[in-house]
Amino acid sequence: MASVPSLASSVEQRVADALVSALPEAGAADPLLRRSDRADFQANGILALAKKAKANPRELAATVLEGLDKGGVIKEVEVSGPGFLNITVSDGAIISTLAARAADDRLGVPLNASAGTTVIDYAQPNVAKEMHVGHLRSAVIGAAMVEILEFTGETVIRRHHIGDWGTQFGMLIQYLLEHPHELDHKAAADSDTQASGEEAMSNLNRLYKASRALFDSDEEFKTRARARVVDLQAGDPQTLAMWQRFVDESKIYFYSVFNKLDMDIQDPDVIGESGYNDMLVETCKLLEESGVAVRSNGALCVFFDEYKGPDGNPTPLIVQKSDGGFGYAATDLSAIRDRVSGLSATSLIYVVDARQSLHFKMVFETARRAGWLNEDVKAVQLAFGTVLGKDGKPFKTREGETVRLVDLLDEAVDRATAVVREKAEKVGLTEAEIVENGQYVGIGAVKYADLSTSAARDYKFDLDQMVSLNGDTSVYLQYAYARIRSILRKAGDREPAAHPELELAPAERALGLHLDAFGELIGEAAAEYAPHKVAAYLYQLSSLFTTFYTECPVIKPEPEQVVGENRLFLCDLTARTLTKGMSLLGIRTPEKL
């Protein structure tokens, strides 16, 4: 089915046509339509057009009003202030448009006809290291953007750029060669991914601490470990095989954590730093031969006039170190080459901590100078802020250590399960449903707290608030959905049906107009890489539904048949919009809560 034009777009087009008709010599003009508390919409574009044409804005507004095609969509228009148009749409137009949305599996959300291919780099843990709260935002924001972009028609290629290369692997591999049973552990059943993952991480932690202690205390071991790094970089088969054991062991752990997050990570999408090793020499050669990078004190560097250090000297991007080793820049630039030429990407999105912003500005500018990024390919860092504790400081344990992600997720599920259990008897939940809903509510609470904040901002991690039934939380939205499902069950044989002939109550109009904005909102969130806008829309939708349900009886007292059918229709479309929007954020909506 074709996308359903929103009421806003229909009104905007009618006003734009009237503007051209009133002042044809000015050409096309933007009506500057927005929602208004004085009417349904306000058009402000007449002021700018009048100024451009040296016309009286109120007189121009009156001319536009006279030529405006209302076409059954617009009910009332009045000229306000210096030349604004206050526009009220008809009740019939609201319900008719919503009926068209309800008839579409996509709820009328348009597919982007010019969609390209986006490679999104997110959820980037490090091999042989535990995932902590700092890894949460990249995973959650990235996964939401994947869903939103795919839903709007983009071809999305996921990339998990894990840290699987570097000098610490010489230490780890050498220690494992000398203590070959350190990674032995009882294999868990295939279904017990969580137990297997935790055991894998326990082994890796133990191995890392033991190898680090020996590295720091034994000069002979340190020498052997450094030699092992050279073997790894040279591709020694035995060393590579040991390195692969670390990667495989870490993946068991990674996947167990992502499974807790209710996030699907596929093995082919996991391409770490090592995946670009074969390109590094050529990347450096291309940069040096083109003059984009130059040698400075033996290192291969790219300089920028706009980026200077505290001493006032330019801060370079170091692509290759003076000892011949490659920095992160070489890997990131090689990844850009691969993603643009190999994967035909038209957009590159990096969901990375805001503290790496300077690095990525330099990398993107270098790629542009080299011609790997051009006007047909854009690269964006979707930078995110820090997760803070209740005290407003970076989230740490009492001992000052970074909080383990699995501990945080487990606690969220425990708290949520307790909340669900309190209401379980009232709604008739079985023990299995309590456990399942506890998972959905707990993980949803963590995701929503992150996604309801603009990615660039820091946010406070407060589990008590996150699992609250009140306020801007995922639980409030999930509860709104479950309540609608309960209403629809209690309706029995009564079916939802749209009735455009009815006059709507204020709460019905407000809910209907907001439901109609869903398609444009999703398009905006995709274009701006702003999942928090989806969260804000859904919270307002739930709030408007609460007002509607309070002021407009649906079940008791039972309204007149057609009124009841129309209200059930609004309930049903609200539920469908809520569950679709929540799914785009990676959050599940239980049928009973």
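The chain is numbered in sequence order, starting from 1.
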Taking only Lys NZ, Arg NE, NH1 and NH2, and the carboxylate oxygens of Asp or Glu, determine whether [X] and [Y] approach each other closer than 4.0 Å.
| X | Y | result |
| --- | --- | --- |
| Asp121 | Arg159 | no |
| Arg137 | Asp353 | no |
| Lys361 | Glu365 | no |
| Arg228 | Asp231 | yes |
| Glu282 | Arg337 | yes |
| Glu436 | Arg588 | no |

Using side-chain heavy atoms (C-beta onward) and a distance below 4.5 Å, is [X] in contact with [Y]?
| X | Y | answer |
| --- | --- | --- |
| Val377 | Arg339 | no |
| Tyr253 | Glu249 | no |
| Leu317 | Phe304 | yes |
| Leu333 | Phe326 | no |
| Arg576 | Lys580 | no |
| Phe169 | Ser274 | no |
| Leu585 | Leu538 | yes |
| Ser344 | Thr117 | no |

[X] and [Y]: which non-hydrogen atoms are nearest, and at how many Å?
| X | Y | value |
| --- | --- | --- |
| Ser250 | Leu204 | OG-CD1, 3.4 Å |
| Ser211 | Phe221 | O-CE2, 3.8 Å |
| Leu177 | Gln238 | CD2-NE2, 3.4 Å |
| Pro531 | Met145 | CD-SD, 3.5 Å |
| Val156 | Ile120 | CG1-CG2, 3.7 Å |
| Phe395 | Gly389 | CD1-CA, 3.7 Å |

Classify the angle between the aromatic ring planes of [X] and [Y] as parallel (below 30°), tilted (30 to 60°) or perpendicular (above 60°).
| X | Y | result |
| --- | --- | --- |
| His160 | Tyr122 | perpendicular |
| His179 | Tyr175 | parallel |
| Trp243 | Trp165 | perpendicular |

Sidechain-backbone polar pair: [X] side chain, [Y] backbone, donor-acceptor under 3.5 Å:
| X | Y | value |
| --- | --- | --- |
| Arg368 | Leu373 | no |
| Asp458 | Thr386 | yes |
| Asn203 | Glu199 | yes |
| Lys308 | Asp305 | yes |
| Glu147 | Gly586 | no |
| Ser6 | Ser9 | yes |
| Ser474 | Ala445 | yes |
| Lys447 | Leu261 | yes |
| Ser138 | Val351 | yes |

Take atom [atom1] in [X]; do more than 12 heavy atoms of anything else shown fall under 6.0 Å from it?
| X | atom1 | value |
| --- | --- | --- |
| Arg457 | CZ | no |
| Glu528 | CD | yes |
| Arg206 | CZ | yes |
| Asp391 | CG | yes |

For this session: May I ask you to check whether Tyr276 and His161 place their ring centres under 6.0 Å from each other?
Result: yes
Exercise. How far apart are the C-alpha atoms of Leu348 and Val340, what are their side-chain angles, what is the distance that settles it, and do they pass the side chain to side chain contact (heavy atoms under 4.5 Å, CB included) test?
Worked result: CA-CA 8 Å; Leu348 305 176; Val340 173; 4.2 Å; yes
Rounded to the nearest 0.5 Å, what separation is found between the [atom1] atom of [X] and the [atom2] atom of [Y]?
| X | Y | atom1 | atom2 | value |
| --- | --- | --- | --- | --- |
| Asp338 | Asp278 | CG | CG | 11.0 Å |
| Thr283 | Leu300 | OG1 | CG | 10.5 Å |
| His359 | Phe364 | NE2 | CZ | 8.5 Å |
| Glu154 | Ile349 | CD | CD1 | 7.5 Å |
| Met201 | Asn205 | CE | CG | 4.0 Å |

Between the side chains of [X] and [Y], does any donor sit under 3.5 Å from an acceptor?
| X | Y | value |
| --- | --- | --- |
| Thr579 | Thr589 | yes |
| Asp262 | Tyr440 | no |
| Tyr448 | Asp472 | yes |

Exercise. Stepwise, does the side chain to side chain contact (heavy atoms under 4.5 Å, CB included) test hold for Lys533 with Leu521?
Worked result: CA-CA 7 Å; Lys533 292 196 170 186; Leu521 178 280; 4.1 Å; yes
For this session: Before giving the answer on side chain to side chain contact (heavy atoms under 4.5 Å, CB included), spell out for Tyr459 and Phe461 the whole-Å C-alpha distance, their side-chain angles and the decisive distance to 0.1 Å.
Result: CA-CA 6 Å; Tyr459 79 98; Phe461 196 94; 3.9 Å; yes
Exercise. Given Leu280 and Thr331, is the side chain to side chain contact (heavy atoms under 4.5 Å, CB included) satisfied, shown in steps?
Worked result: CA-CA 7 Å; Leu280 301 181; Thr331 304; 4.1 Å; yes
